[in-house]
Amino acid sequence: MMKQNQRKQIVLFPFPFQGHVTPMLHLANQLHTKSYSITIIQTRFNSIDPTRFPHFTFHLIEDHMPRNSRVSSDNLVESMSAMQLHCQVPFRECLGRALDDAAAHGDRVCCVIYDAIWSFAGTVADGLKVPGIVLRTSSVSAFVVNDRLPILRDKGYFRPGVKRDELVEELPPFKVRDLPGEEHHDILAAVVKLTKASHGVICNSFEELEPLSISRVREILSIPVFPVGPLHKHSASSTTSIWQQDKSSLTWLNTQAPNSVLYVSFGSVAAMKKSDFVEIAWGLANSSQPFLWVVRSGLSQGLESNDLFPEGYLDMIRGRGHIVKWAPQLEVLAHRAVGGFLTHCGWNSTVESVSEGVPMVCLPFLVDQAMNARYVSDVWKVGVLIEDGIKRDNIERGIRKLMAEPEGEELRKRAKSLMECAKKSYMEGGSSYESLEALSKYISSL
Ligand SMILES: O=c1ccn([C@@H]2O[C@H](COP(=O)(O)OP(=O)(O)O[C@H]3O[C@H](CO)[C@@H](O)[C@H](O)[C@H]3O)[C@@H](O)[C@H]2O)c(=O)[nH]1
């Protein structure tokens with residue numbers, strides 16, 4: 001029962017990877033506009049500077065990650081396991097204190113919203129008698145696949161010798177090659193278990209983007225499902241970037257012709273062999289297309305960018321290629337000079353590109369990325385998927401298809417129409433707008 005003047009609070013617990021922190025903070029901003037006070041529990045590792053969000057209360061918990069460490073696909077599973085191990089007790093203590101504090105001020109904590117990766121979060125929330133809601137930062141379609149992984153395993157889809165180009169009959173349009181690798185199955189099973197046991201799931205997607213998967217998930221789960229994406233579009237918000245964004249990206253884009261530049265980024269986790277990096281570098285150079293490329297530290301074998309480029313490469317591309325360590329991606333994708341995005345298809349990058357009507361060349365690396373890429377190329381048809389290996393000729397061909405040939409025009413048109421569809425969903429009366437309203441009411445009723 002709500003008392004007069006009692007403030008309604010929500011505690012949020014992001015997983016400390018960029019692709020997970022970003023949607024959680026955008027969601028927090030949204031819920032703040034619905035009159036909830038917001039408390040964020042964050043790990044010391046990859047923590048966001050609280051002064052960027054003066055309207056939130058922040059608590060820091062210790063995670064025992066080595067100082068200045070960086071997570072990449074080379075150490076992903078180990079880093080995730082270490083964080084699960086080290087953060088459970090500090091999270092329980094911190095959440096307990098936040099609940100006591102709220103009670104002491106006569107406030108009510110309506111729920112705790114946690115990332116689907118925090119496998120212990122549901123048990124902690126149950127133990128402290130506060131309802132837990134999951135934020136799904138990846139696609140709904142990938143959740144449907146994750147739920148079916150045990151069945152797909154039994155059917156032999158992961159046995160040696162299975163043709164990678166074979167269609168997964170139970171889950172079209174996915175091919176065997178799109179399914180997540182077995183090294184990630186335990187984590188994904190824990191995600192499904194946590195989600196099923198929660199009081200609701202919030203998805204950074206919208207009804208019109210994944211209609212079949214969203215209705216399937218509603219059949220699979222007996223909890224409310226709130227597709228409220230694209231989350232970053234509901235509000236212009238303080239930056240959610242963990243690392244400093246190089247603004248020279250924008251001044252350089254200002255000097256380029258409309259729709260001429262290919263933006264290249266592989267997100268915050270994907271890592272590649274140096275030989276693959278070199279093939280991508282030559283593919284970009286040989287495409288004759290202007291490009292803006294994010295080469296973050298550790299993108300390949302822990303090396304700094306200057307140690308990665310072939311000799312003479314940087315001089316050769318000077319003027320046509322601009323290289324930064326981390327870009328203001330949302331502003332880059334919205335820039336009129338950007339005509340395409342060579343991407344790993346992390347879900348945030350995919351949704352951000354869709355929201356700006358930018359067609360994609362897809363080069364997926366791990367977990368959900370190949371499934372997102374399959375949707376980009378085969379379902380929404382707003383991109384070209386490179387499936388025949390990281391070789392300079394394939395990269396060049398993919399880029400030319402997107403940026404130069406008549407096929408590129410078709411992709412661009414469809415990307416613009418998907419962008420309009422996204423816009424409708426988050427504008428007043430649209431599906432995501434309404435879903436956010438429903439979420440706010442639901443939280444209040446818990
Ligand atoms: O120079 C850059 C590059 C990226 N970004 C931002 O960083 C985020 C990256 O997120 P995403 O595209 O999802 O990639 P990852 O960081 O790799 O995301 C992880 O988390 C995602 C959500 O669960 C998964 O879909 C991915 O597979 C997983 O690698 C996006 O919001 C970008 O706007 C920047 O601000 N500057």
Side-chain angles (χ1 to χ4, degrees), residues 14-27 46 48 70-77 79-80 115-118 134-143 145-146 178 180-181 184 187-188 191 195 202-205 229-233 237-250 263-272 292-299 305 322-335 338 341-356 358 360 362-376:
F15 198 78
F17 291 176
Q18 183 68 74
H20 293 248
V21 167
T22 295
M24 188 67 94
L25 289 172
H26 286 307
L27 173 67
N46 276 352
I48 285 281
R70 197 124 184 190
V71 173
S72 75
S73 32
D74 295 334
N75 60 11
L76 185 69
V77 175
S79 308
M80 282 177 154
D115 192 291
I117 304 276
W118 287 124
V134 161
L135 172 64
R136 172 149 190 84
T137 58
S138 197
S139 75
V140 177
S141 309
F143 183 88
V145 172
N146 297 344
D178 305 332
H184 296 123
I187 293 171
L188 297 174
V191 163
T195 307
I202 303 164
C203 312
N204 190 15
S205 186
L231 270 166
H232 70 284
K233 274 296 183 183
S237 64
S238 355
T239 173
T240 58
S241 182
I242 294 172
W243 303 287
Q244 197 167 359
Q245 298 174 319
D246 187 336
K247 300 284 182 193
S248 75
S249 315
L250 301 174
Y263 171 56
V264 187
S265 163
F266 303 107
S268 66
V269 176
M272 59 186 83
L292 167 65
W293 188 3
V294 177
V295 183
R296 53 161 228 274
S297 314
L299 178 60
S305 48
H322 188 68
I323 289 159
V324 294
K325 286 200 163 150
W326 196 244
Q329 183 163 304
L330 292 179
E331 288 147 281
V332 165
L333 287 171
H335 198 286
V338 171
F341 184 8
L342 170 54
T343 171
H344 67 311
C345 288
W347 186 242
N348 294 282
S349 293
T350 306
V351 169
E352 289 163 12
S353 206
V354 161
S355 306
E356 299 304 334
V358 177
M360 292 165 250
C362 308
L363 192 57
F365 285 82
L366 68 154
V367 203
D368 59 330
Q369 296 166 8
M371 297 185 273
N372 304 338
R374 182 65 59 199
Y375 260 70
V376 170

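Counting convention: from 1, in listed order, for ligands and their atoms alike.
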For atom 28 (C) of ligand 1, grab the closest protein heavy atom and report residue, atom and distance to one decimal in Å.
-> Gln369 NE2, 4.0 Å

Tell me, please, which residues at least two apart from Asn348 pass side-chain hydrogen bond (donor to acceptor under 3.5 Å, both in side chains).
-> none

Atom indices of ligand 1 within 4.0 angstrom of Trp347 heavy atoms, with elements = 13 (O), 24 (C), 25 (O)

What residues form a ring pair (Phe, Tyr, Trp, His ring centres under 6.0 Å) with Trp326, not counting sequence neighbours?
-> Trp243

OG1 of Thr343 to CD of Glu352: how many Å apart, nearest 0.5 Å?
-> 9.0 Å

Should Trp326 be listed as contacting ligand 1, given a heavy-atom distance under 4.0 Å as the test?
-> yes

re atom 12 (O) of ligand 1, the protein heavy-atom contact at minimum distance is Ser349 OG, 2.5 Å

Proximal atoms of ligand 1 relative to Gly19 (non-hydrogen, under 4.0 Å) | 10 (O), 16 (O), 18 (O), 20 (O), 22 (C)

If we number the atoms of ligand 1 from 1 as shown, the ones under 4.0 Å from a heavy atom of His20 are 20 (O), 23 (O)

Taking atom 31 (O) of ligand 1 as the point of reference, which of Glu352, Met371, Gln244 owns the nearest heavy atom?
-> Glu352

Which of the atoms of ligand 1 are close to Ser265, meaning less than 4.0 Å from one of its heavy atoms?
-> 3 (C)

Verify whether one side chain among His322 and Ser248 offers a donor that lies under 3.5 Å from an acceptor in the other.
-> yes

So for Thr137 against ligand 1, with non-hydrogen atoms under 4.0 Å, the contacting part is both

N or O pair under 3.5 Å between Ser241 and ligand 1 | no

Which one holds for Gln245 and ligand 1: side chain close, backbone close, both close, or neither close, with close meaning a heavy atom under 4.0 Å?
-> side chain

Does even one non-hydrogen atom of His344 get within less than 4.0 Å of ligand 1?
-> yes

Gly346: numbered ligand 1 atoms lying under 4.0 Å from its heavy atoms = 11 (P), 12 (O), 13 (O), 14 (O), 25 (O), 26 (C)

Asp368: numbered ligand 1 atoms lying under 4.0 Å from its heavy atoms | 24 (C), 25 (O), 26 (C), 27 (O)

Please state which part of Val294 comes within less than 4.0 Å of ligand 1, counting heavy atoms only: side chain, backbone, both or neither.
-> side chain

Contact atoms of ligand 1, heavy-atom distance to Gln18 under 4.0 Å = 7 (O), 8 (C)

